[in-house]
Chemist: 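Questions regarding the structure given below will be posed in turn.
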2 protein chains.
Amino acid sequence: MIRLTKQADYGILLMTQFARAGMSGLLSTTDLSTRSRLSQPMVNKTLKQLQRAGLLVSHRGVNGGYRLARDAGAITLEEIIEAMDGPIALTECHEHTGGGDCGIKATCPTRVNWGVINSAIRDSLAGITLLQMIHPLLGSRRIKERVKTNPV
Amino acid sequence: MIRLTKQADYGILLMTQFARAGMSGLLSTTDLSTRSRLSQPMVNKTLKQLQRAGLLVSHRGVNGGYRLARDAGAITLEEIIEAMDGPIALTECHEHTGGGDCGIKATCPTRVNWGVINSAIRDSLAGITLLQMIHPLLGSRRIKERVKTNPV
DNA sequence: CGGAATCAGAACCAAAAGAGTTCTATTTTG
DNA sequence: CAAAATAGAACTCTTTTGGTTCTGATTCCG
């Protein structure tokens, strides 16, 4: 089953909370834990990962918390998912990071197609911003139209 | 990490072998095991799943084997992947089969977007046929162009 | 200055999923 | 009937995922 991990799901959920709070909204782990009904340790872990990926900035100490590192319109689903789950690539031989090598890379006849497929999927996710996620009707109408008129 | 399971990978690999053999090519488990360097039990398991999904037809008995149920141009990656891995849906609440229900389905603000994203990905995979997979340069040039001019 | 609140990072454990093998039918051919 | 092949299920081992816990560092505020 091709599916996002729960981690990535949580990441997106929490990021939309930040998006609603705006650039200046500083939210702590406990804030978000009550808002999202996720356990505090889970929220904590997730936020730390998003911070390490540069999507959130942190402020320690009393009254600390996290806030968006960039405007919600400049953060895409692709970034959030990659921050949580690692590179998006359906096949190992096409990871961005270039790790896998199946041995027949140079001559593999289907390799070229996989590259295209992977980037199609990445582009789909890179085309959705946090801002669009919190304005579903507006965002999706635009996307739906594009998809309908331009099937891959 | 968003990734195909090995099962799906094997499924695609074996299906391309059938595509090369043509509609009338009858291949047995042992044939494919030697061709693909996969273990015989693994090939066996994979082919059985593809048969159950209606992508291959089987012939039992001596000199038996499998062959394509349809023309290679009429079989898509989406079908193969769904046959092996189950429904393609990044989020549980959007499975084709309508299983998951998170409880806030009716009001979930990001639900609409996920539907769009999922179908964009499904469409990407439904747009690639087995025939295109065995003619990589031809197939991918066409797709690449579409993707470039029409980002989702 | 000291304690409380908050983030940082790593280690750890249990549950679930994935990968692969084995075993027992059933069907077909010669 | 024997051999060759698929059909289907069960089973084990490993890896991944989901989640918690523990220790340490930083900042604010009385």
Side-chain angles (χ1 to χ4, degrees), chain A residues 1-14 18 25-34 36-69 81 83-87 89-92 99-100, chain B residues 1-14 18 25-34 36-69 81 83-87 90-92 100:
Chain A
M1 172 102 37
I2 296 190
R3 169 147 307 167
L4 288 186
T5 62
K6 293 204 172 185
Q7 282 290 326
D9 220 5
Y10 297 160
I12 294 167
L13 178 63
L14 294 177
F18 280 102
L26 192 71
L27 303 177
S28 72
T29 299
T30 44
D31 288 343
L32 285 165
S33 173
T34 55
S36 65
R37 290 187 203 156
L38 298 178
S39 80
Q40 196 154 333
M42 213 55 235
V43 171
N44 207 279
K45 184 181 185 176
T46 307
L47 295 181
K48 277 184 280 193
Q49 262 181 276
L50 291 167
Q51 184 272 335
R52 256 174 290 188
L55 300 179
L56 294 176
V57 295
S58 66
H59 289 287
R60 290 187 174 188
V62 178
N63 294 333
Y66 297 86
R67 60 177 171 75
L68 290 182
I81 293 174
M84 305 304 300
D85 282 0
L90 289 191
T91 48
E92 204 155 339
Chain B
M1 172 102 37
I2 297 190
R3 169 148 307 167
L4 286 186
T5 62
K6 294 206 173 184
Q7 281 291 326
D9 220 5
Y10 298 161
I12 294 166
L13 178 63
L14 295 177
F18 280 102
L26 192 71
L27 303 177
S28 72
T29 299
T30 44
D31 288 344
L32 285 165
S33 175
T34 55
S36 63
R37 291 188 202 155
L38 298 178
S39 79
Q40 196 155 334
M42 214 53 234
V43 172
N44 207 278
K45 185 180 184 176
T46 308
L47 295 181
K48 278 184 279 193
Q49 262 181 279
L50 292 167
Q51 184 272 334
R52 255 174 292 188
L55 300 178
L56 294 176
V57 296
S58 66
H59 289 286
R60 291 187 173 187
V62 179
N63 295 332
Y66 297 85
R67 60 178 171 74
L68 289 182
I81 293 173
M84 304 303 299
D85 282 0
L90 291 191
T91 49
E92 203 156 341

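Worth knowing before you read on, the calculation uses all heavy atoms, side chains too, and leaves out hydrogens, waters and symmetry mates. Within every chain, numbering begins at 1; the chains are lettered A, B, ... in the order of the sequence lines, protein sequences first and strands thereafter.
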Chemist: So B:G61, base contact, sugar-phosphate only, or nothing? Heavy-atom distance under 4.0 Å.
Modeler: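 Result for B:G61 = base.
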
Chemist: Want to settle it: does A:T29 or B:H59 sit nearer the 5' end of DNA chain C, counting the closest nucleotide to each?
Modeler: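 The 5'-side residue here is A:T29.
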
Chemist: Counting distance alone, no hydrogens or angles: does the base of D:dG8 have a donor or acceptor under 3.5 Å from a partner atom on the side chain of B:K48?
Modeler: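 A donor-acceptor contact between them is present.
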
Chemist: Would you say the side chain of B:D9 lies within less than 4.5 Å of the side chain of B:L13, judging by non-hydrogen atoms?
Modeler: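 When only atoms from C-beta onward are counted, B:D9 and B:L13 do not touch, as no gap falls below 4.5 Å.
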
Chemist: Could you work out which one of D:dG19, C:dG18, C:dA8 sits closest to the side chain of A:Y66?
Modeler: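 Selected nucleotide (nearest to the side chain): C:dA8.
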
Chemist: Starting from C1' on C:dA17, measure out to NZ on B:K6 and report it in whole angstrom.
Modeler: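 That distance rounds to 14 Å.
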
Chemist: Between C1' on D:dA5 and CG on B:L56, what's the gap in Å once rounded to a whole number?
Modeler: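 Distance, rounded to whole Å: 15 Å.
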
Chemist: Given D:dC28, D:dT21, D:dA4, identify the nucleotide with an atom nearest to the side chain of B:V62.
Modeler: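 It is D:dA4.
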
Chemist: Distance check: side-chain N/O of A:Y10 vs OP1/OP2 of D:dT17, anything under 4.0 Å?
Modeler: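 False: A:Y10 side-chain N/O out of range (4.0 Å or more) of D:dT17 OP1/OP2.
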
Chemist: Taking the side chain as every heavy atom from C-beta outward, state whether A:L55 and A:L68 have any pair of such atoms under 4.5 Å apart.
Modeler: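 They are not in contact (no side-chain heavy atoms under 4.5 Å apart), so the answer is no.
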
Chemist: Determine: side-chain N/O of A:T30 to OP1/OP2 of C:dA5, distance under 4.0 Å, yes or no.
Modeler: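 Negative; the distance criterion is not met.
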
Chemist: Please report the distance, rounded to the nearest Å, between CD in B:Q40 and C1' in D:dA4.
Modeler: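 Distance, rounded to whole Å: 11 Å.
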
Chemist: For A:N63 and D:dC29, is the shortest distance between a side-chain N/O and OP1 or OP2 below 4.0 Å?
Modeler: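 Checking D:dC29 against A:N63, a side-chain N or O does come within under 4.0 Å of OP1 or OP2.
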
Chemist: Quick one: is C:dA8 close enough that its OP1 or OP2 comes under 4.0 Å of any side-chain N or O from A:Q51?
Modeler: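 Yes.
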
Chemist: Provide, to the nearest angstrom, the distance between the CG atom belonging to A:L32 and the C1' atom belonging to C:dC7.
Modeler: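 To the nearest whole Å, that distance equals 13 Å.
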
Chemist: Can you find a donor-acceptor N/O pair under 3.5 angstrom joining the side chain of B:K45 to the base of C:dG20?
Modeler: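 Answer yes: a donor N or O sits under 3.5 Å from an acceptor.
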
Chemist: Would you mind reporting whether A:L32 and A:Y10 have side-chain heavy atoms less than 4.5 Å apart?
Modeler: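 A:Y10 does not reach A:L32 side chain to side chain.
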
Chemist: Using atom CZ of A:R52 as one end and atom P of C:dA10 as the other, report the distance to the nearest whole Å.
Modeler: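 Going from CZ in A:R52 over to P in C:dA10 covers 7 Å.
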
Chemist: Indicate whether OP1 or OP2 belonging to C:dA5 is found under 4.0 Å from a side-chain N or O atom of A:S28.
Modeler: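 No.
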
Chemist: Between B:N44 and A:A8, which has a closest nucleotide on DNA chain D that is more 5'?
Modeler: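 Mapping each residue to its closest nucleotide by heavy atoms, the 5'-most match is B:N44.
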
Chemist: For side-chain contact (heavy atoms from CB on, under 4.5 Å), just list the numbers for B:M42 and B:K6, CA-CA rounded to whole Å, side-chain angles, deciding distance to a tenth of an Å, and then say yes or no.
Modeler: CA-CA 10 Å; B:M42 214 53 234; B:K6 294 206 173 184; over 6 Å; no

Chemist: Determine: side-chain N/O of B:S58 to OP1/OP2 of D:dA7, distance under 4.0 Å, yes or no.
Modeler: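 Looking at the OP1 and OP2 atoms of D:dA7, one of them is under 4.0 Å from a side-chain N or O of B:S58.
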
Chemist: Roughly, in whole Å, what's the span from CZ in B:R60 to C1' in D:dA3?
Modeler: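 Distance, rounded to whole Å: 15 Å.
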
Chemist: Apply the side chain to side chain contact (heavy atoms under 4.5 Å, CB included) test between B:S58 and each candidate in B:R67, B:Q51, B:K48; give the one that qualifies.
Modeler: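 The passing option is B:Q51.
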
Chemist: Can you tell me how far P of D:dT6 sits from CD of B:Q49, to the nearest Å?
Modeler: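 Spelled out: CD on B:Q49 to P on D:dT6 is 15 Å.
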
Chemist: Tell me: CE of B:M42 to C1' of D:dC13, nearest whole Å?
Modeler: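 Whole-Å distance recorded here is 14 Å.
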
Chemist: Just one of A:L56, A:L26, A:V57, A:L27 clears the side chain to side chain contact (heavy atoms under 4.5 Å, CB included) bar with A:Y66, so which one?
Modeler: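 Between A:Y66 and the candidates, side chain to side chain contact (heavy atoms under 4.5 Å, CB included) is satisfied uniquely by A:L56.
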
Chemist: Please determine, for the side chain of A:T5, which listed nucleotide (C:dT21, D:dG18, D:dC28) has the closest atom?
Modeler: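 Out of C:dT21, D:dG18, D:dC28, the nucleotide with an atom closest to A:T5's side chain is D:dG18.
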
